[in-house]
Amino acid sequence: MNQFPKTFIAIVLLCFGGSFMSSASQISAMQILSPDNKLDVGNAKILASKLELVCGERLSNQAQAFQCKAICSRLGDAVEGLASLLNRKNATQQGLKTSVKTLVRRTMRCNQIWQGRTIPEEFAPFAILFKSMKNGKLPSAGVPSGISLASVDQFGAALLQLAPRATGFQSICLSSLFKDNCIKSCELRKNAEELAKLVQIHPVSSLEQKNKADSWVRGLHDQSATLNRKARECAVHFGRNPAAALVSLQKIGQTVLDKTNQVIKRQQAAERIALAEQKRLRQQQKYADKQAERLAYDQELAEMRACRDDSPFKGVSGCSYLTAVYDGNFPQAINIEYQSTAPYRQGWMGQSYKEMSKMFGSLYGGQGKLNQDLANMWKAHQFISGLMGTYATYYEHYYPQCIGNDAVVVTLTTERQREYRNGFNALVRTEQLPSKVDIIHIPRRLYPHVSLDKVNKDTQASVQIADMLAGAINKFPRINLYEVTMGLSSAMQRYACQSPQMQKLEQKMLKFQSHREQYNRQFY
C-alpha cells in the first residue's frame, strides 16, 4: 500500500484542476515528507500552526486572513488523517482516495490564497508532499526514523542539528488547552544546546568505563533528565504523532540519562560495598575492643580474687577478702570494700549523682560539699558489719552445739500486708497478713558487736540482691557482699566452731570491725 499507480493520483488531481504554485528555493528545514518517504505529522502540525500566524501577519484584509487561517491551519489535520489511514492495515482504497482528496484540496486552496504574493516558506513542505503524490508516490506507512546515529559519540553533532528545529515546537501550543504549560515544556532549544556542549567535552561512550559520577557525569545526568522530561511533556501536546525531531531529542536524552544512571548505580554499588566493609571493620574493631575490655576485666577481677594457695579459705567465694581479714591485712580488706563501690562512683549511677549535685548542691550547702560527702560515703562503705550480722544470724544453724546456754534470744516480728492496685497503680485496698516472727539465738559474746538491723534475714537478702543488680548494670571488676557472705557460709560448713581457723576468723572479724569503726570516723 506504500506505492500507488500514477493514474490514481493523477485522477485525484484532475478533479480539482487549476495551477499549483511553488518555489523550489523555498524549502523549509522542517520537512513533512522524511527522507525515508514517511509523513512527519508533528512537523505538519507545527507548520500549519505557523501558517495560521502568517495569515494574520501578512493579510491585512480581515476576511482574507480569516479564510487563510481556516484553510491553511487545517493542512496539519489533513496530513494526520492521511498518515492514520496509511498506518492502518485494513484501510480501503476509497478511504485513502478520500483522504488524499482532502489533503490535495486544502493544499491547492491554501496555494490559491498566496497567488500574487510571496509564498511562505512554511508552505513549501506541503508543496513538496503535493508534488511527490502527483508523481504517483504515496508516503509509506510508519513514522519517520529521525536522525540516524551510528554511535552515541555522534550525539553532540545531532543535538546541534536538532536544536534549531526545536524552536518551532512551541507553535503547536497555540491550539493547546494548556498553552502556558505547553510553551514551557516545548522550549527545548536551550536544553539541547546545553546538553550538546557537555557531550562534546568527552565521548559519551566513555561513560561505559566510568565508575564514579564526577561533575561532568552529574552535569550530563541533570541536563539529559531535563531534556528528556520536557521532550516527553511536549510530545503529549502533539497527540499520537510528535515531530520526528522531538522524538530524536527524547531518545538522545533518554539514552544519555540511562548511561549516566548506570554510572551512578555503579558508584552507589561501590559505595555500598565500601560502607559494608567499613561497617564490618567497625564491628570487628568493636568486637576486638570488647574482647580486650573483657580480658582486662577478667584479669583485674582475677587479680582481685587471687588468694594464696595455703589460705584456709581457698576455693570459696570472697577468698581474698576473708583471707585479708584472717591475716590481719586490713588495708587490703578496706581496698576490696572500696572497690565494690565502683558502680556507684564510676558508672551511670555515678553520673546521676554528679547531675544531682549540680541541681541540688546549692540546697545542700554547695556543690563541692555535696560531692565531698558522697566521696566520703563511698570511702566509708564496708562489708564487715553486714558480715558479722550474717555470722551471728546463722551461727545457731551451723553450730547448734556451740551456741551456749547463755545465748541471747532475739525475736523479730515483721508486720505484713498485701496491696491491691488498679491499672493506674492506684491503691484500691489492703489485706492484713499474719505477722512473721523470727526467733534467733545469738552467742552472748557476739551480741554486743551486732546491730539488730543486720540480723534480719529478709533485709540481708534484699541488700545483697540490690548490690548484685547494681554491679550487673554497671559492670566493674569487684568483689561484692554476696560473694563474701557465701564464702563465709562455705567456711562455716568447712570448719567446726572450735576449729583454729573459725576461732581465728571470728577474732579477726571482731578486730577488723573495731578497726573499721575507728577508720571511718575521719569521713564523718
Side-chain angles (χ1 to χ4, degrees), residues 279 283 286 290 293-294 297 301 317-318 337-390 392-394 397 410-440 450-486 489 520 523-524:
K279 182 179 180 181
Q283 290 177 341
K286 185 177 180 180
K290 284 186 176 180
E293 183 180 348
R294 182 178 181 83
Y297 173 87
L301 185 59
S317 63
E337 291 173 334
Y338 181 69
Q339 183 62 26
S340 71
T341 65
Y344 309 98
R345 294 182 288 107
Q346 302 176 27
W348 66 265
M349 296 178 69
Q351 295 298 324
S352 65
Y353 280 121
K354 291 180 181 179
E355 294 300 323
M356 183 179 67
S357 68
K358 292 179 182 178
M359 292 186 291
F360 305 109
S362 58
L363 301 176
Y364 191 79
Q367 181 177 337
K369 185 177 185 304
L370 178 56
N371 288 334
Q372 185 59 50
D373 287 350
L374 287 172
N376 291 338
M377 179 179 68
W378 305 133
K379 291 178 181 179
H381 178 74
Q382 43 86 21
F383 293 159
I384 190 60
S385 61
L387 195 63
M388 284 300 302
T390 301
T393 301
Y394 290 94
H397 172 73
V410 178
T411 303
L412 300 176
T413 303
T414 304
E415 300 295 336
R416 301 184 301 162
Q417 67 178 18
R418 180 181 289 118
E419 295 182 349
Y420 295 89
R421 297 179 180 272
N422 59 19
F424 299 98
N425 201 35
L427 182 63
V428 176
R429 67 184 179 89
T430 60
E431 178 183 349
Q432 199 68 29
L433 299 176
S435 300
K436 180 181 179 182
V437 179
D438 289 325
I439 300 176
I440 303 173
V450 177
S451 300
L452 292 179
D453 62 331
K454 303 296 184 181
V455 299
N456 189 300
K457 297 178 182 179
D458 293 337
T459 302
Q460 293 174 9
S462 62
V463 170
Q464 294 174 20
I465 291 174
D467 186 49
M468 287 176 61
L469 292 176
I473 296 174
N474 298 264
K475 197 171 182 63
F476 290 92
R478 68 184 190 124
I479 298 173
N480 58 45
L481 178 59
Y482 176 77
E483 292 182 71
V484 175
T485 301
M486 294 303 295
S489 177
N520 284 357
F523 304 121
Y524 297 104

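Since we're looking at a predicted model, the values are computed, not measured.
- Remark: the backbone N or O of Gly386 is paired with a side-chain donor or acceptor of Thr390 at under 3.5 angstrom.
- With rounding to the nearest 0.5 Å, the separation of CG in Leu433 from CZ in Arg418 is 5.0 Å.
- Residues Glu337 and Phe383 approach most closely at OE2-N, 2.9 Å, considering heavy atoms.
- For the side-chain contact (heavy atoms from CB on, under 4.5 Å) test with Gln382, the passing option among Asn520, Leu481, Leu387 is Asn520; the others fail.
- The line from OH of Tyr344 to NE2 of His381 is 7.0 Å long, rounded to the nearest 0.5 Å.
- Rounded to the nearest 0.5 angstrom, Ile440 CD1 and His397 NE2 are separated by 13.0 Å.
- A donor-acceptor pair under 3.5 Å is absent between the side-chain atoms of Glu483 and the main chain of Gly318, judged by distance alone.
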Are Lys379 and Tyr338 close enough, and set up right, to give a side chain to side chain contact (heavy atoms under 4.5 Å, CB included), and what steps lead you there?
CA-CA 6 Å; Lys379 291 178 181 179; Tyr338 181 69; 3.7 Å; yes
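- Taking both residues in full, the closest heavy atoms of Arg478 and Ser340 are given as NH1-O, 2.7 Å, listed atom of the first, atom of the second, then distance.
- Once rounded to the nearest 0.5 Å, the distance linking CG of Asn480 with CD of Gln339 reads 12.0 Å.
- Distance check: Thr430 OG1 to Tyr420 OH gives 9.5 Å after rounding to the nearest 0.5 Å.
- Summarising the geometry of Arg345 relative to Thr341, their closest heavy-atom pair is NE-OG1, 2.7 Å, with the distance given to 0.1 Å.
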